[in-house]
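Within every chain, numbering begins at 1; the chains are lettered A, B, ... in the order of the sequence lines, protein sequences first and strands thereafter. No experiment lies behind these values; they were computed from the predicted model shown.
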2 protein chains.
Amino acid sequence: MEILELESFLPYRLYRLADSVSREFSKIYSDRLGLTRPEWRTLSGLGQRGTMTATALGEQSAMHKTKVSRAVAELERRRWLTRTPNENDRRVEHLALTKAGLAAYREMVPLAKAFERELLARLSVEERAAIVSGVAALERALEGKSR
Amino acid sequence: MEILELESFLPYRLYRLADSVSREFSKIYSDRLGLTRPEWRTLSGLGQRGTMTATALGEQSAMHKTKVSRAVAELERRRWLTRTPNENDRRVEHLALTKAGLAAYREMVPLAKAFERELLARLSVEERAAIVSGVAALERALEGKSR
DNA sequence: TTTCAATGGTTACAAATGAAACCAGTTTGG
DNA sequence: CCAAACTGGTTTCATTTGTAACCATTGAAA
């Protein structure tokens with residue numbers, strides 16, 4: 001009978017790997033700042049780009065709009081971001097970090113970079129190149145088709 | 001000010017990629033058999049190994065024991081698996097697929113393999129080698145440390 | 001204009017999840 | 001023996017998630 005070896009099945013391995021990395025990383029923003037993943041991504045997107053609409057945030061960070069909506073609401077509650085209505089189109093709001101939000105972002109950036117660095121430091125030069133280019137290749141392969 | 005580029009941040013890319021692949025693949029077992037991911041993994045684990053305990057299932061397929069418990073309950077409800085109490089240790093149950101469960105498994109295996117094949121077919125030989133060895137390298141790097 | 005489809009964003013509801021408490025049963029150390 | 005401490009597995013409860021319905025506004029078409 002034909003069997004499937006789960007441990008070698010790429011979708012499974014990929015998911016498991018991502019999950020485990022993400023879980024590890026989440027300790028940083030969760031333990032430290034009490035953020036959820038959508039909240040962290042929102043903080044990160046706004047920190048990086050300055051000002052964005054909720055839709056743009058969702059596109060940049062691959063989040064469903066309800067996730068964005070809730071994350072934004074929570075960060076607003078903490079007074080880490082503010083909304084500014086768009087003059088021309090009153091459906092749209094521009095989101096930006098406050099001083100406090102920016103401070104949190106600034107605290108996170110070096111931690112995130114260190115995390116990534118340390119993760120990659122456990123690999124050899126070739127392995128690092130392999131994972132980076134392999135991921136990039138799969139990303140390209142999925143463009144359009146998925147999502 | 002130091003910023004973090006989310007789109008290049010490995011944990012994010014990995015998660016996004018895995019999520020997208022997994023979502024795509026889930027259509028197969030979800031649309032076709034109405035299974036959730038934990039259920040699919042349970043089916044797959046038992047199909048592959050024949051008989052397992054819930055704990056073993058959780059280890060093999062990286063699932064929390066509550067997920068396993070619920071997935072097993074659902075597959076049992078469908079009469080796709082049966083439980084047999086362990087003689088020596090009455091806390092333990094051995095799980096195995098029924099005829100119907102096996103039939104579902106047999107239906108899934110070629111689909112899963114085709115999915116993986118088609119995904120990899122979009123990559124060049126080098127890219128395929130890169131993703132496979134990169135993932136393997138990261139898996140090794142995480143052994144022990146995480147989870 | 002008025003209507004109708006589309007868009008930005010929020011909300012309501014149901015399902016999936018994780019943490020912790022729990023219930024057997026089992027082992028270990030006095 | 002007997003009382004912890006432990007283990008396999010389930011259940012409860014609070015939180016997170018996704019889908020779909022929704023509201024307000026805008027743009028396009030008639």
Side-chain angles (χ1 to χ4, degrees), chain A residues 15-16 18-20 22-24 26-27 29-31 34-42 45-46 51-77 81-96 146-147, chain B residues 15-16 18-20 22-24 26-27 29-31 33-42 45-46 51-78 81-96 146-147:
Chain A
Y15 193 91
R16 173 191 163 94
D19 195 57
S20 145
S22 171
R23 254 183 170 61
E24 196 68 30
S26 79
K27 286 190 197 146
Y29 54 74
S30 149
D31 290 2
L35 294 176
T36 62
R37 185 166 45 222
E39 286 156 19
W40 148 248
R41 285 191 187 172
T42 300
L46 293 177
T51 292
M52 295 170 95
T53 66
T55 304
L57 253 172
E59 278 161 16
Q60 194 219 1
S61 54
M63 292 193 291
H64 188 90
K65 60 190 196 158
T66 60
K67 271 192 190 168
V68 175
S69 174
R70 298 191 253 241
V72 166
E74 169 60 20
L75 294 189
E76 184 186 32
R77 203 192 55 71
L81 68 73
T82 54
R83 314 177 190 236
T84 319
N86 181 328
E87 285 303 305
N88 310 323
D89 185 341
R90 298 210 316 275
R91 290 169 304 183
V92 179
E93 310 177 309
H94 298 285
L95 308 167
S146 74
R147 270 214 321 98
Chain B
Y15 193 92
R16 173 191 164 93
D19 195 57
S20 145
S22 172
R23 255 183 169 58
E24 195 68 31
S26 79
K27 285 187 199 150
Y29 54 76
S30 150
D31 290 2
L33 303 174
L35 294 176
T36 62
R37 185 166 45 224
E39 286 155 18
W40 148 247
R41 285 191 186 173
T42 300
L46 292 179
T51 293
M52 295 171 93
T53 66
T55 304
L57 254 172
E59 276 160 18
Q60 195 220 359
S61 54
M63 294 193 290
H64 188 90
K65 59 187 194 164
T66 61
K67 272 192 190 166
V68 176
S69 172
R70 298 191 253 241
V72 166
E74 170 59 21
L75 294 190
E76 183 186 33
R77 203 193 56 70
R78 292 187 185 205
L81 68 73
T82 53
R83 315 178 190 235
T84 318
N86 181 327
E87 286 302 306
N88 310 322
D89 185 340
R90 299 212 314 277
R91 290 169 305 181
V92 179
E93 310 177 308
H94 298 285
L95 308 167
S146 73
R147 268 209 329 98

Inspect the contact between B:Arg78 and B:Glu74 and indicate whether a charged nitrogen and a carboxylate oxygen are less than 4.0 angstrom apart. yes
Which part of the nucleic acid, if any, lies within contact of A:Asn88, taking any heavy atom under 4.0 Å across all strands shown: a base, the sugar-phosphate backbone alone, or nothing? sugar-phosphate
Taken to the nearest 0.5 Å, the spacing of A:Thr42 OG1 from A:Glu76 CD works out to 12.5 Å
Without swapping roles, check the side chain of A:Arg41 against the backbone of A:Ser61 for a donor-acceptor pair under 3.5 Å. yes
A:Leu57 CG to C:dT7 P: how many Å, rounded? 19 Å
Is A:Glu93 close to A:Asn86 at the side-chain level, that is, under 4.5 Å between some pair of heavy atoms? no
Taking D:dT10, C:dG9, C:dT10 as options, the one with an atom nearest any side-chain atom of A:Arg83 is C:dT10
May I have the distance from B:Glu93 (atom CD) to C:dG25 (atom P), rounded to whole angstrom? 12 Å
Partners meeting ring pair (Phe, Tyr, Trp, His ring centres under 6.0 Å) with A:Tyr15 (sequence neighbours left out): none
To the nearest angstrom, the NZ-P distance between A:Lys27 and C:dA19 comes to 11 Å
Rounded off to whole Å, could you give me the CD-to-C1' distance for the B:Glu39 and C:dT17 pair? 13 Å
Give, for atom CE of A:Met52 and atom CG of A:Leu81, the distance between the pair rounded to the nearest 0.5 Å. 12.5 Å
Just how far, in rounded Å, is C1' of D:dT7 from CG of B:Asn86? 13 Å
Starting at the 5' end of nucleotides 14-24 of chain D, put B wherever the base has a protein heavy atom under 4.0 Å, S where only the sugar-phosphate does, and a dash everywhere else. --SBBBB---B
Gap between atoms CG and P, on B:Asp89 and C:dT26 respectively (whole Å): 5 Å
From CE of B:Met63 across to P of C:dA16 the rounded distance in Å is 14 Å
